[in-house]
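Structure first, then comments.
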Amino acid sequence: MAASLLSLSGSINTLRTPFPLKSEFRKPILSLLLRAAPVASMAYEKELAAAKKAASLAARLCQKVQRALLQSDVQSKSDRSPVTVADYGSQALVSFVLERELPSGSFLLVAEEDSGDLRKDDAKETLQRITKLVNDTISSDGTYTVSALSVEDVLAAIDSGKSEGGPRGRHWVLDPIDGTKGFLRGDQYAIALALLDEGQVVLGVLACPNLSLTPISNHSQPSAPNQVGCLFSAKVGAGTDMESLDGGSSPVKVHVSDIEDPAEASFFESYEAAHSMHDLSSSIAKLDLLLLVKQKLGVHAPPVRIDSQVKYGALSRGDGAIYLRFPHKGYREKIWDHAAGSIVVTEAGGVVTDAAGNPLDFSRGKFLDLDTGIVVTNQKLMPQLLKAVRASLNEDAQSASSV
């Protein structure tokens with residue numbers, strides 16, 4: 001989108017933002033558009049195909065682990081070994097696929113896991129399980145005719161994710177299982193993979209094994225098995241596609257909700273209370289975002305709480321209109337938690353900023369330096385939502401100082 005805007009004029013002074021803004025919001029939203037422009041001319045077709053293949057194969061492994069977990073009568077809720085196996089196995093598979101699909105040039109991956117814990121003596125059994133799962137998944141796919149990977153091969157694949165990222169060169173960004181608590185509950189999680197080029201997110205893929213292919217109004221109700229499993233993919237300047245994770249449907253273009261009235265806009269939050277300051281998010285939802293003269297808006301729909309970057313995928317196809325994320329003070333957002341989801345939403349016509357309206361900056365290494373939190377919605381609602389966020393933050397700060 002930014003590239004097409006820039007091509008209309010040789011001067012930045014003639015650039016128009018896609019929605020009317022007050023002066024205090026014009027600069028950050030304008031910079032959000034411009035930041036995507038330098039890399040928009042590149043195709044990334046081969047890279048996107050590789051990312052979709054990698055995320056889909058990793059999802060197949062994760063689904064197998066989750067099915068075994070849910071069928072087990074002996075698993076304790078405090079036992080995180082299944083998600084550990086799936087986490088490492090997913091990362092090893094993504095690394096394996098990317099290295100084979102994109103053999104030229106250096107391979108840099110910024111990822112959540114490394115093999116340190118797996119190299120300890122008490123992790124030998126876990127490592128053997130991971131290695132078997134990885135080999136079984138590769139074999140069942142039938143695409144790659146390779147000898148079985150050894151434990152050292154799997155450890156090396158996991159350790160390909162040691163890049164620190166940054167503003168130069170290309171870096172793949174991976175969260176092998178985003179939403180571990182949802183995974184353990186048998187609920188929503190995602191495999192999230194993105195590519196940074198010179199610090200900009202240029203493509204992203206979200207594999208969402210438990211998300212219905214059809215729009216959902218109540219995320220707590222399970223869908224029929226043949227309707228579950230979504231793969232979202234986005235490439236800069238090309239929009240966002242959704243297709244079935246098992247390859248049973250053709251890709252279709254998706255677009256964010258076009259709701260203009262904040263009173264009609266449902267919004268997403270993290271399912272786990274530990275991930276989000278729900279009281280603050282609720283106060284924002286009750287403000288009059290449209291007229292900014294009333295104290296409360298009276299949102300019709302309650303917050304939709306759902307784990308992981310699945311929220312980004314659901315928002316990109318219009319299941320809801322607003323996603324607010326306000327982590328507890330001191331928490332630092334990681335780039336793998338938002339890189340893929342952010343481009344899936346923006347290429348579907350949405351906007352992703354921090355609480356001050358600044359674009360998310362993925363060029364500073366593994367962490368995002370944010371103003372307070374993350375705000376995601378469509379272009380029509382964003383100026384009003386940012387004002388409501390700012391008002392709520394000010395009110396919250398005043399209340400805290402008076403206590």
Side-chain angles (χ1 to χ4, degrees), residues 44 46-63 65 83-102 105-118 130 133-134 137-138 153-166 169-180 182-183 189-197 199-209 231-235 245 307-310 312-313 332-344 360 362-368:
Y44 305 107
K46 187 175 182 180
E47 290 84 354
L48 183 60
K52 291 170 66 175
K53 175 70 173 177
S56 298
L57 206 58
R60 188 179 303 181
L61 181 146
C62 294
Q63 286 173 301
V65 175
V83 77
T84 299
V85 169
D87 233 355
Y88 284 115
S90 174
Q91 184 160 317
L93 275 174
V94 168
S95 175
F96 171 87
V97 173
L98 292 181
E99 284 185 324
R100 278 152 184 79
E101 296 294 328
L102 306 169
S106 59
F107 177 73
L108 299 174
L109 178 68
V110 185
E112 189 170 13
E113 308 297 348
D114 63 56
S115 71
D117 288 341
L118 290 179
I130 295 167
L133 273 168
V134 169
T137 306
I138 294 171
D153 292 331
V154 171
L155 290 171
I158 292 169
D159 281 339
S160 67
K162 287 186 174 180
S163 171
E164 295 292 324
R170 289 188 177 189
H171 303 268
W172 289 94
V173 180
L174 170 69
D175 194 332
I177 292 185
D178 188 46
T180 56
F183 179 87
Y189 67 98
I191 294 86
L193 180 61
L195 177 62
L196 301 183
D197 195 343
Q200 308 297 316
V201 184
V202 295
L203 68 83
V205 172
L206 291 176
C208 308
L231 181 67
F232 296 92
S233 58
K235 181 169 67 75
L245 189 53
D307 290 298
S308 80
Q309 290 181 71
V310 173
Y312 282 108
R332 297 185 72 190
E333 295 281 6
K334 289 87 171 177
I335 61 173
W336 52 72
D337 287 325
H338 300 281
S342 65
I343 192 169
V344 163
L360 305 189
F362 293 95
S363 70
R364 300 188 179 186
K366 292 185 175 182
F367 297 97
L368 292 171

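The chain is numbered in sequence order, starting from 1.
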With Trp172, which of Val110, Val94, Leu203, Leu196 fulfils side-chain contact (heavy atoms from CB on, under 4.5 Å)? Leu203
State, to 0.1 Å, how close Ala50 and Val97 come at their nearest heavy-atom pair, and which atoms those are. O-CG1, 3.9 Å
Please name all residues satisfying side-chain hydrogen bond (donor to acceptor under 3.5 Å, both in side chains) with Ser160, sequence neighbours left out, ordered by chain then number. Ser95
Looking at CD1 of Ile191 and CD of Gln63, how far apart are the two atoms once the value is rounded to the nearest 0.5 Å? 7.5 Å
Within-4.5 Å side-chain heavy-atom neighbours: Glu333 and His338: yes
Can you check whether Asp337's main-chain N or O pairs, donor with acceptor, with Asp178's side chain at less than 3.5 Å? no
Where do Ala340 and Leu193 come nearest, in terms of heavy atoms and distance? CB-O, 3.6 Å
Once you round to the nearest 0.5 Å, how far does CG of Leu61 lie from CG of Leu93? 5.5 Å
Is the closest side-chain heavy-atom distance between Tyr88 and Pro176 below 4.5 Å? no
Is Ser233 close to Val205 at the side-chain level, that is, under 4.5 Å between some pair of heavy atoms? yes
Under 4.5 Å between any side-chain heavy atoms of Leu98 and Phe107, yes or no? yes
Does Glu113 reach the main-chain N or O of Gly89 with its side chain, forming a donor-acceptor pair under 3.5 Å? no
Gap separating the CD atom of Glu101 from the NZ atom of Lys46, nearest 0.5 angstrom: 8.0 Å
Any side-chain heavy-atom pair from Phe362 and Leu368 closer than 4.5 angstrom? yes
Does the side chain of Val173 come within less than 4.5 Å of Trp336's, by heavy atoms? yes
Look at the side chain of Asp307 and the backbone N and O of Gly179, then say whether any donor-acceptor pair between them is shorter than 3.5 Å. no
I want to check something: taking the side chain as every heavy atom from C-beta on, are Phe96 and Val134 in contact at a cut-off of under 4.5 Å? no
Over all atoms of both residues, closest heavy-atom pair of Gln309 and Ala339: OE1-N, 4.3 Å
Got Asp197 and Tyr44 here, is their nearest side-chain heavy-atom distance under 4.5 Å? yes
Heavy-atom closest pair (Leu48 atom, Ala234 atom, distance to 0.1 Å) is CD1-O, 4.0 Å
Taking Gln91 for the side chain and Ile158 for the main chain, is one N or O donor matched with an acceptor at less than 3.5 Å? yes
Spatial distance of atom CG (Leu57) from atom CD1 (Ile138) [nearest 0.5 Å]: 7.0 Å
Above 12 or not: heavy atoms from other molecules or residues under 6.0 Å from CZ of Arg100? yes
